[in-house]
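Okay, structure first, notes after.
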Amino acid sequence: MRLFKRRHRHDHDELVCREFVELVTDYLEGMLPEDERARFEAHLAECNGCAGYLEDMRRLVASLHETPEPPVADDATREALLAAFRDLRG
Amino acid sequence: MDDESQMLERLRAGDEVAFAELVDRYDGALRRLARTFVKTNAAAEDVVQETWLGVIRGLPAFEGRSSLKTWIFRILANQARTRAVKDARNVPFSSIETDGGPTVDPSSFDGDGRWASAPERLDADPEAALLSAELRAELLGAVDMLPDAQRAVITLRDLEGVPATEVAELLDITDANQRVLLHRARAKVRAALVTEVQV
């Protein structure tokens with residue numbers, strides 16, 4: 001008989017939204033331990049607010065990945081670096 | 001990786017065109033990254049310059065155990081740290097933020113920890129798995145507002161796609177630290193974009 005069932009967060013207690021939002025990164029990284037992942041996904045299935053939050057995060061990350069590269073070096077910089085390359089490697 | 005080993009061969013052979021390609025490929029990213037370490041654009045310029053010189057000098061000895069990109073970024077990180085110390089600034093990230101507070105405003109939740117009302121959504125491109133063009137235009141600005149360590153991690157991980165373990169090594173922090181910083185950075189960027197939507 002378990003006396004302290006309710007006290008253990010890592011028991012099969014349900015996750016609440018306030019905890020969910022702090023786990024999204026670990027979830028997306030695949031770093032949640034098995035039992036926590038199960039709780040996370042159980043909550044996800046039944047909470048539109050959190051499902052929306054996770055979807056927004058996925059989109060945010062995908063959008064960051066898609067951000068174009070900053071502009072290339074200007075000609076002067078490129079020339080100077082090529083000259084250095086020539087000197088040292090040529 | 002094949003593309004990289006070809007590039008490496010050409011570089012070792014002294015192929016200038018290859019080096020020009022390398023500069024075009026990474027210079028911008030190096031500048032962006034340098035600014036997460038040092039205070040001024042001028043300092044960042046110096047750091048990037050020194051990085052490229054380090055790359056040129058280091059090429060003969062580079063064994064290809066890591067990717068060329070990671071190696072170049074590592075040179076930058078070392079140069080930037082040296083420069084930051086010289087500029088009499090604390091060694092970057094030596095004091096990882098200990099703020100373990102929630103990343104979402106607690107007032108968003110009720111007494112039971114549930115959303116008090118449906119959370120604000122970010123506008124999305126209906127055709128793609130991306131944010132709207134409008135919000136995407138705000139992204140870099142939002143990243144720029146982040147504290148240094150968070151900005152460095154999100155830049156490396158999400159803008160540059162550098163793998164987690166390499167980022168931790170580059171910044172000389174633990175994998176767990178790196179993940180905490182990433183988590184906080186992403187949450188802050190989201191919060192900034194939500195504000196944009198409201199305005």
Side-chain angles (χ1 to χ4, degrees), chain A residues 9 13-33 39 43-44 46-90, chain B residues 11-12 14 16 19-20 23-29 31-32 45 48-49 52-53 56-57 59-60 102-104 106 108-110 112-115 117-122 124-125 128-131 135-136 139-140 143 154 157-159 161 164 175 179-180 182-184 186-187 189-190 193-194:
Chain A
R9 206 167 62 80
D13 279 2
E14 285 174 19
L15 207 62
V16 288
C17 311
R18 183 172 48 209
E19 296 168 304
F20 180 96
V21 298
E22 303 303 341
L23 295 176
V24 293
T25 303
D26 281 354
Y27 177 71
L28 292 174
E29 297 276 280
M31 293 300 287
L32 284 185
R39 288 165 72 230
H43 181 79
L44 180 61
E46 54 154 41
C47 179
N48 288 333
C50 286
Y53 189 88
L54 180 64
E55 189 173 42
D56 279 358
M57 270 305 174
R58 282 193 205 273
R59 287 195 177 119
L60 175 64
V61 175
S63 302
L64 286 167
H65 284 323
E66 290 296 307
T67 302
E69 283 295 324
V72 296
D74 59 43
D75 289 340
T77 305
R78 200 191 285 107
E79 278 315 308
L81 288 173
L82 276 173
F85 184 72
R86 226 172 274 136
D87 285 344
L88 293 175
R89 306 289 323 122
Chain B
L11 289 168
R12 287 217 178 96
E16 282 179 28
F19 186 67
V23 169
D24 281 347
R25 195 182 296 180
Y26 294 126
D27 190 72
R31 273 169 213 290
R32 186 159 64 189
E45 286 241 2
V48 173
Q49 185 78 353
W52 282 121
L53 293 176
I56 295 169
R57 286 190 211 107
L59 269 171
T103 59
V104 176
S108 306
F109 306 104
D110 65 22
D112 294 322
R114 296 198 181 91
W115 290 105
S117 58
E120 295 283 352
R121 294 299 306 273
L122 297 177
D125 210 321
L130 298 178
L131 300 178
L135 284 183
R136 275 184 281 131
L139 267 178
L140 289 181
V143 169
I154 200 173
R157 290 293 317 273
D158 290 345
L159 290 176
D175 187 60
R179 243 176 309 119
V180 167
L182 183 63
H183 178 69
R184 304 193 75 77
R186 286 176 178 175
V189 169
R190 179 195 164 272
L193 295 182
V194 162

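Predicted, not measured: the structure shown is a model, and the values here were computed from it. By convention in this document, chain letters (A, B, ...) are assigned in the order of the sequence lines, proteins followed by strands, and residues within each chain are numbered from 1.
In R25(B), the CZ atom is crowded: over 12 heavy atoms of neighbouring residues, nucleotides or ligands sit closer than 6.0 Å.
Here D112(B) contributes atom CG and C17(A) contributes atom SG; the two are 10.0 Å apart, rounded to the nearest 0.5 Å. Here the CZ atom belonging to F19(B) is positioned 11.0 Å from the CZ atom belonging to R78(A), to the nearest 0.5 angstrom. Atom CG in L130(B) sits 9.5 Å away from atom OG1 in T67(A) (nearest 0.5 Å). Atom CH2 of W52(B) and atom CG of L82(A) lie 10.5 Å apart (nearest 0.5 Å). Rounded to the nearest 0.5 angstrom, L64(A) CG and L139(B) CG are separated by 5.0 Å.
Here the shortest heavy-atom pairing between H183(B) and T25(A) reads ND1-OG1, 2.6 Å. In plain terms, the two heavy atoms of A84(A) and L53(B) that are nearest each other are CB-CD2, 3.8 Å. Residue L88(A) comes nearest to R57(B) through the heavy atom pair CD1-CG, 3.9 Å, listed as atom of the first residue, atom of the second, then distance. When all heavy atoms are compared, the tightest approach of T103(B) to V21(A) is OG1-O, 4.4 Å. Nearest heavy atoms, L81(A) versus I56(B): O-CD1, 4.0 Å.
You'll find the side chain of P102(B) reaches within 4.5 Å of the side chain of E22(A), heavy atoms only.
Proximity to chain A (any heavy atom under 4.5 Å) is shown, for V104(B), by both the backbone and the side chain. For V48(B), no part lies near chain A; criterion is any non-hydrogen pair under 4.5 Å. Using a 4.5 Å cut-off between heavy atoms, L159(B) contacts chain A through both its backbone and its side chain. Looking at R32(B), only its side chain comes within 4.5 Å of chain A, counting heavy atoms on both sides. Heavy atoms of E66(A) lying under 4.5 Å from chain B belong exclusively to its side chain. Using a 4.5 Å cut-off between heavy atoms, R136(B) contacts chain A through its side chain alone, with no backbone atom that close. Looking at C47(A), only its side chain comes within 4.5 Å of chain B, counting heavy atoms on both sides. When heavy atoms are compared at a cutoff of 4.5 Å, A129(B) approaches chain A solely by way of its backbone atoms N, CA, C and O.
Comparing R12(B), R179(B), Q49(B) by how many heavy-atom pairs each has under 4.5 Å with chain A, the most go to R179(B). Per-residue counts of heavy-atom pairs under 4.5 Å with chain A were compared for D158(B), I154(B), L182(B), D27(B); the largest is that of D158(B).
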Item to check | Verdict with supporting geometry, R157(B) and E29(A), salt bridge (Lys or Arg N to Asp or Glu O under 4.0 Å) | outcome: CA-CA 11 Å; R157(B) 290 293 317 273; E29(A) 297 276 280; 2.9 Å; yes
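Between E16(B) and R86(A), at least one side-chain N (NZ, or NE/NH1/NH2) sits under 4.0 Å from a carboxylate O, which counts as a salt bridge.
Relative ring orientation between Y53(A) and W115(B) is described as tilted, the plane-to-plane angle lying within the 30° to 60° band.
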Mind listing the side-chain donor-acceptor pairs of residues 56-63 of chain A below 3.5 Å, one per line with the distance, residues two or more places apart or on another chain?
{"unit_1": "D56(A)", "atom_1": "OD1", "unit_2": "R121(B)", "atom_2": "NE", "d": "3.0"}
{"unit_1": "D56(A)", "atom_1": "OD1", "unit_2": "R121(B)", "atom_2": "NH2", "d": "3.0"}
{"unit_1": "D56(A)", "atom_1": "OD2", "unit_2": "R121(B)", "atom_2": "NE", "d": "3.2"}
{"unit_1": "D56(A)", "atom_1": "OD2", "unit_2": "L122(B)", "atom_2": "N", "d": "2.9"}
{"unit_1": "R59(A)", "atom_1": "NH2", "unit_2": "E55(A)", "atom_2": "OE2", "d": "3.4"}
{"unit_1": "S63(A)", "atom_1": "OG", "unit_2": "R59(A)", "atom_2": "O", "d": "2.7"}
{"unit_1": "S63(A)", "atom_1": "OG", "unit_2": "L131(B)", "atom_2": "N", "d": "3.0"}

